[in-house]
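Start at 1 with the first residue, then count along the sequence. From a predicted model like this one, the values you see are computed outputs, not experimental measurements. Note that ligands are numbered from 1 as they come in the structure, with each ligand's atoms numbered from 1 the same way.
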Amino acid sequence: MTIQLPQLPYAENALEPIISEKTIQFHYGKHHQAYVQKTNELIERTDLKDKTLEEIVLYAASDSVYTTLFNNAAQAWNHSFFWNSLKPINEKKEISEKLMKLIVQDFGSVENLKKELIQKGLAQFGSGWVWLVYENEHLKVISTSNAETPLTSGSQVPLLTIDVWEHAYYLDEQNRRGDYLSNLVEQLLNWTFADQNLPTTAERG
Ligand code: MN3
């Protein structure tokens, strides 16, 4: 068994004009594909080859001798999660009642949550990710550097992510990370996916 590049959950031009088809062709078709391929090369002659991608990420995070494997496997996982965090520009994905309750509890309003996603994305120095996570009955916005992922935290459940590596926006927005972030946050986030990722225990509130 090998790790597969998952199908993109929409057409390559479905995120235009915020994320162009050309960006998707490089970002998904080249960058993401390369992380998948490299992960497969690194696990080829090991007993990790029958593990899931998530298991490989957790295993590789446990020891710094596996840093290269971690970087590639976590990037493969983060990118799959990122594509699922987005929706076609002309599709509506409303925030569920359950998720809205938590947003109001922890941010006061959807507008405040969006602001925080944008601010944390701008504040992330260099390459990395911004995440909406669920932890201890609360929502939080966090950022991670390079390939780092909340999967390894043991307590944070990722709900949504935004890639803030330059390759995510440079063809379309050049250095304007803020424009990329605000357009994406306003028009491309898949709140249904966030809702699906909420643990069932979150339903108590
Ligand atoms: Mn990327």
Side-chain angles (χ1 to χ4, degrees), residues 3-43 52-54 56-58 60-61 66-89 117-133 141-153 156 158-190 193-194 197:
I3 303 302
Q4 304 291 327
L5 180 69
Q7 284 280 333
L8 206 59
Y10 32 72
E12 291 185 342
N13 64 358
L15 310 177
E16 292 194 333
I18 295 165
I19 297 175
S20 66
E21 182 170 9
K22 191 172 179 192
T23 289
I24 293 289
Q25 283 167 352
F26 279 93
H27 195 180
Y28 167 74
K30 305 281 183 202
H31 289 266
H32 189 178
Q33 164 66 36
Y35 296 128
V36 169
Q37 192 182 326
K38 187 74 184 166
T39 300
N40 281 324
E41 285 168 23
L42 290 166
I43 61 172
T52 65
L53 182 56
E54 199 167 326
I56 294 166
V57 170
L58 293 175
Y66 305 118
T67 296
T68 306
L69 176 60
F70 174 79
N71 285 339
N72 283 281
Q75 279 294 71
W77 192 90
N78 289 352
H79 279 87
S80 297
F81 199 84
F82 174 53
W83 305 127
N84 284 312
S85 296
L86 305 180
K87 55 130 189 105
I89 190 149
L117 286 165
I118 295 164
Q119 279 165 3
K120 285 247 161 68
L122 278 168
Q124 171 59 36
F125 185 79
S127 296
W129 302 83
V130 182
W131 305 82
L132 176 64
V133 301
V141 174
I142 62 156
S143 54
T144 62
S145 292
N146 300 317
E148 283 167 24
T149 173
L151 267 192
T152 58
S153 75
Q156 293 169 342
L159 306 184
L160 288 175
T161 194
I162 305 170
D163 189 340
V164 296
W165 287 54
E166 283 185 351
H167 63 229
Y169 59 88
Y170 219 83
L171 288 176
D172 300 324
E173 305 279 2
Q174 293 77 50
N175 59 329
R176 298 185 299 275
R177 189 190 281 188
D179 291 354
Y180 159 73
L181 278 166
S182 54
N183 290 330
L184 184 156
V185 163
E186 283 301 333
Q187 298 182 67
L188 295 181
L189 284 182
N190 187 340
F193 181 64
N197 291 320

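The shortest non-hydrogen separation linking Arg177 to Gly121 is NH1-O, 2.8 Å.
Residues that satisfy the side-chain hydrogen bond (donor to acceptor under 3.5 Å, both in side chains) test with Tyr66, not counting sequence neighbours, are Tyr59. Every residue meeting the ring pair (Phe, Tyr, Trp, His ring centres under 6.0 Å) condition with Tyr169, not counting sequence neighbours, appears here in chain and number order: Tyr180.
Between Trp131 and Trp77, the ring planes are parallel. Angles under 30° get that label, and only those over 60° would be called perpendicular.
Counting only residues at least two apart or in different chains, side chain to side chain donor-acceptor pair (under 3.5 Å) contacts with residues 5-14 comprise Glu12-Gln25.
Around the Mn ion (ligand 1), the protein atoms of type N, O or S that sit closer than 2.8 Å are His27 NE2, His79 NE2, Asp163 OD2, His167 NE2.
Aromatic ring centres of His79 and Trp165: separated by at least 6.0 Å.
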